[in-house]
Amino acid sequence: MENFLGRTWGSLSLDEKKHFMSNFDLYDANTGQFPRENGDCIVKFFNGLAVHGTFMVGNDEGAFDIEDDAVFYDSTI
């Protein structure tokens, strides 16, 4: 698989985004726990890479957004 380290979320193709979104975990950027309120989050993918995102609570469900300029980094460091 291509090296995604340092690339931006917006530079990925739709198929690449679908592949990443098939297996991930969300973490509150402040607590390291699953996010339970609106705020910054970390989206950690199956391959050890992560990006920053924004978690939003609404209608008893949570959603998150990854901005196009979010940069992939190695979450294992």
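These numbers come from the heavy atoms of this one structure, side chains and all, not from hydrogens, waters or symmetry mates. Remember, predicted model here, so these are calculated numbers, not experimental data.
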Check: Can you find a heavy atom in the side chain of Phe34 that is under 4.5 Å from one in the side chain of Asp25?
Finding: no
Item checked: Hphob cluster co-occupancy, Met21 + Ile42, side-chain heavy atoms under 4.5 angstrom -> no
Item checked: Criterion side chain to side chain contact (heavy atoms under 4.5 Å, CB included) on Asp28 and Arg36, from CA distance to verdict -> CA-CA 8 Å; Asp28 184 298; Arg36 303 210 185 283; over 6 Å; no
Return a table of donor-acceptor pairs under 3.5 angstrom between the side chains of residues 65-75 and protein atoms on other chains or two or more places apart.
unit_1 : atom_1 : unit_2 : atom_2 : d
Asp74  : OD1    : Thr76  : N      : 2.8
Asp74  : OD1    : Thr76  : OG1    : 2.4
Asp74  : OD2    : Thr76  : OG1    : 3.3
Ser75  : OG     : Gly48  : O      : 2.5

Notebook entry, point to check: Roughly how far, to the nearest 0.5 Å, is NZ of Lys17 from CH2 of Trp9?
Noted result: 6.5 Å
Margin query: For Ser11, give me all partners under side chain to side chain donor-acceptor pair (under 3.5 Å), at least two apart in sequence or on another chain.
Written below: Arg7
Item checked: ring-ring contact (aromatic ring centres under 6.0 Å, His included) evaluation trace for Tyr27 with Phe55 -> CA-CA 9 Å; Tyr27 298 92; Phe55 187 78; over 10 Å; no
Margin query: Could you check whether His19 and Phe46 have their ring centres less than 6.0 Å apart?
Written below: yes
Check: Would you say Phe45 and Asn23 make side-chain contact, with heavy atoms under 4.5 Å?
Finding: no
Checklist line | Check against side chain to side chain contact (heavy atoms under 4.5 Å, CB included), Leu49 and Leu5 | finding: CA-CA 7 Å; Leu49 294 179; Leu5 190 63; 3.8 Å; yes
Check: Taking the side chain as C-beta and beyond, is there a heavy-atom pair between Phe20 and Leu12 under 4.5 Å?
Finding: yes
Margin query: Do Cys41 and Leu26 make a side-chain contact, defined as non-hydrogen atoms from C-beta onward lying under 4.5 Å apart?
Written below: yes
